[in-house]
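Structure record follows, encoded as structure tokens.
Predicted, not measured: the structure shown is a model, and the values here were computed from it. Whatever order the structure lists them in is the order used to number ligands and atoms, beginning at 1. For the numbers below, each heavy atom of this structure counts, side chains included, while hydrogens, waters and symmetry mates do not.
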Amino acid sequence: MVDVLIVGGGPAGCSAALTCRRRNLSVTMVYSGDGALAKAHRIDNYPGTPRIEGQELLRLMREQAVLEGAVLQKGLVQTILPMGESFSALVQDQVLEAKSVILACGTGRVNFLENEESLLGQGVSYCATCDGMFFKDKEMIVIGSSEEAIEEANYLAELGHVRYLIEKKHDTTGLHPSIELVPGVPQALQKDERGLTVFTKQEEAYKADGIFVFRPTVALTQLLSGLESENGAVKVDTSCATNIPGVFAAGDMIGGTIQLTNAVGEGTTAALSAASYVSKMNKAEK
Ligand SMILES: Cc1cc2nc3c(=O)[nH]c(=O)nc-3n(C[C@H](O)[C@H](O)[C@H](O)COP(=O)(O)OP(=O)(O)OC[C@H]3O[C@@H](n4cnc5c(N)ncnc54)[C@H](O)[C@@H]3O)c2cc1C
């Protein structure tokens with residue numbers, strides 16, 4: 001059980017991690033990928049780091065968080081469940097427990113494929129480690145929208161035959177040679193007595209026993225049920241508290257000005273609020 005689980009490893013998450021550590025809280029920061037900052041070719045308006053590449057600034061931020069004692073873990077947080085006095089987070093096949101949560105997931109929005117949500121758990125999965133073995137020696141389709149999907153697809157290719165469809169353009173050079181790269185942009189999923197089918201925007205149809213969808217983020221409704229949002233942004237008060245006690249949010253995911261300095265400032269505010277929440281919880285327990 002850590003004091004604070006931070007979801008997202010961008011500027012907001014790193015800043016929150018640093019402040020949490022200053023308040024002597026134990027912190028695990030889980031991140032699925034690099035987020036917006038890594039896409040910035042050059043940053044000229046972040047004080048103290050003139051003309052720095054986004055990727056390099058992100059590397060420095062993460063390195064500093066580790067140096068100060070935060071634990072960084074690569075993985076996609078699929079869902080967070082409030083458990084009364086604490087929270088459980090599902091990260092692939094692992095469960096992490098925390099007294100409080102800071103969401104710092106950036107702007108990533110999920111556009112579900114048609115029928116995707118209703119077929120989840122019925123042959124459609126977001127987790128290769130959890131569900132891959134169900135499709136041993138079978139036909140699988142992987143729908144990838146980021147470079148992180150490659151690793152998962154390569155693991156599935158050790159179990160059965162994998163075809164790979166690209167949902168959003170990304171580098172697929174690391175794909176195992178046995179994986180068939182299929183042209184076309186996926187649009188809809190369907191299930192009948194003969195199995196699952198992926199339909200593409202180009203009106204092709206591909207059949208499979210299992211379909212794995214790997215995106216670098218999950219929908220807010222799936223991440224934390226009951227979390228209030230407005231126009232896709234998580235609603236917070238001035239202390240970065242969400243409507244769920246013990247859950248705070250910062251950075252691009254709360255909307256407003258989409259800039260680095262805002263994200264790190266909000267990360268600090270969320271961390272201080274989480275510190276105050278954890279401290280009250282600890283006192284109440286005594
Ligand atoms: C091309 C580009 C150029 C930019 N240039 C500038 C600039 O010059 N100056 C400036 O001030 N700002 C700039 N920005 C904006 C700036 O990069 C963002 O405001 C900032 O990165 C927001 O930080 P964040 O931590 O909120 O989100 P992000 O940096 O997007 O980080 C989000 C993190 O959350 C992770 N994540 C998401 N969902 C999950 C999940 N379910 N489980 C685990 N991890 C998850 C992601 O993998 C990522 O690590 C630019 C943005 C872009 C795209």
Nearest atoms (heavy-atom pairs only) where Ile80 meets Leu224: O-CD1, 3.3 Å
Do the side-chain N and O atoms of Lys99 and Asn282 include a donor-acceptor pair separated by under 3.5 angstrom? yes
Numbered atoms of ligand 1 (with element) below 4.0 Å of Gly10, judged on heavy atoms: 25 (O), 29 (O), 31 (O), 33 (C), 49 (O)
I'd like to know if the side chain of Thr261 pairs up with that of Gln259 as donor and acceptor (distance under 3.5 Å, no hydrogens or angles considered). no
Over 12 foreign heavy atoms within 6.0 Å of CD, Glu203: no
Atoms of ligand 1 less than 4.0 Å from Gly251 heavy atoms? 26 (O)
Quick one: does Thr107 get an N or O within less than 3.5 Å of an N or O on ligand 1? no
Residue pairs involving residues 255-286 (criterion disulfide (SG to SG under 2.5 Å); sequence neighbours excluded): none
Could you find the nearest protein heavy atom to atom 10 (C) of ligand 1 and give me its residue, atom name and distance? Gln259 NE2, 3.4 Å
For Arg62, the ligand 1 atoms whose distance to one of its heavy atoms is below 4.0 Å: 49 (O)
Contact check, side chains of Tyr31 and Lys74, non-hydrogen atoms, under 4.5 Å: yes
If you count the non-hydrogen atoms of other residues, nucleotides and ligands that lie under 6.0 Å from CG in Asp192, is the total more than 12? yes
Report the part of Ala38 (side chain from C-beta onward, or backbone N, CA, C, O) that has a heavy atom under 4.0 Å from ligand 1; answer both or neither where that applies. neither
Sub-4.0 Å heavy-atom approach of Lys39 to ligand 1: yes
Out of Gly33, Cys14, Gly106, whose heavy atom is nearest to atom 48 (C) of ligand 1? Gly33
Does the side chain of Glu116 come within less than 4.5 Å of Tyr126's, by heavy atoms? yes
Say you draw a straight line from OG1 of Thr49 to CD1 of Ile43; how long is it, rounded to the nearest 0.5 Å? 8.0 Å
Who's closest to atom 19 (O) of ligand 1 heavy-atom-wise, of Ile80, Asp252, Ile254? Asp252
Proximal atoms of ligand 1 relative to Ala104 (non-hydrogen, under 4.0 Å): 32 (C), 33 (C), 34 (O)
For the student: nearest non-hydrogen atoms of Ala38 and Gln55, plus distance: CB-OE1, 3.7 Å
Going by distance only, is there an N or O of Pro11 that falls short of 3.5 Å from an N or O of ligand 1? yes
Which ligand 1 atoms are under 4.0 Å away from a heavy-atom of Ile258? 15 (C), 19 (O)
Atoms of ligand 1 close to Ala263 [distance to a heavy atom under 4.0 angstrom, numbered from 1]: 22 (C), 23 (O)
Within-cut-off N or O pair, Asp44 and ligand 1, under 3.5 Å: no
Identify, by atom number and element, the atoms of ligand 1 in contact range of Leu76, meaning under 4.0 Å from any of its heavy atoms. 40 (C), 41 (N), 42 (N)
Has ligand 1 got any nitrogen or oxygen that is less than 3.5 angstrom from a nitrogen or oxygen of Val77? yes
Heteroatom distance test (Ile43, ligand 1): nitrogen or oxygen, under 3.5 angstrom: no
Please determine whether the number of non-hydrogen atoms from other residues, nucleotides or ligands lying under 6.0 Å from atom CD of Glu85 exceeds 12. no
Any N or O on Thr261 sitting closer than 3.5 Å to an N or O of ligand 1? no
What is the minimum heavy-atom distance between Tyr164 and Ala149, and which atoms define it? OH-CB, 3.4 Å
Purely on distance, is any nitrogen or oxygen of Ala40 under 3.5 Å from one on ligand 1? no
Assess whether side-chain contact (heavy atoms from CB on, under 4.5 Å) is satisfied between Arg59 and Glu53, documenting all intermediate values. CA-CA 10 Å; Arg59 189 188 67 74; Glu53 274 183 29; over 6 Å; no
min-distance protein heavy atom vs atom 25 (O) of ligand 1 -> Ala12 N, 3.0 Å
Side chain or backbone, does Tyr31 bring an N or O within less than 3.5 Å of an N or O on ligand 1? no
closest protein heavy atom to atom 9 (N) of ligand 1 is Asn45 OD1, 2.9 Å
Should Val7 and Ile254 be counted in the same cluster of Ile, Leu, Val, Met, Phe, Trp and Tyr side chains packed under 4.5 Å apart? yes
Residue selection (non-hydrogen contact nearest atom 35 (C) of ligand 1) among Gly8, Ala16, Ala219, Ala249: Gly8
With rounding to the nearest 0.5 Å, note down the distance linking CE in Met1 to CZ in Phe87. 10.0 Å
Can you find a side-chain donor-acceptor pair between Lys207 and Thr197 that sits under 3.5 Å? yes
Are any side-chain N or O atoms of Ser273 and backbone N or O atoms of Thr269, one a donor and one an acceptor, separated by less than 3.5 Å? yes
Within a distance under 4.0 Å of any heavy atom of Gly75, pick out the atoms of ligand 1 and give their elements. 43 (C)
Should Gly267 be listed as contacting ligand 1, given a heavy-atom distance under 4.0 Å as the test? no
Would you check whether Thr217 has a nitrogen or oxygen atom less than 3.5 angstrom from a nitrogen or oxygen atom of ligand 1? yes
Which heavy atom of the protein is the closest neighbour of atom 53 (C) of ligand 1, given with residue, atom name and distance? Ala36 O, 3.7 Å
Any nitrogen or oxygen of Gly35, side chain or backbone, less than 3.5 Å from one on ligand 1? no
In terms of residue, atom name and distance, what is the protein heavy atom nearest to atom 37 (C) of ligand 1? Cys105 O, 3.3 Å
Atom 12 (N) of ligand 1 touched by protein heavy atom at under 4.0 Å: yes
Taking Asn154 for its side chain and His176 for its backbone only, find out whether a donor-acceptor pair lies under 3.5 Å. yes
So which protein heavy atom does atom 36 (N) of ligand 1 come closest to, and at what separation? Ser32 OG, 3.4 Å
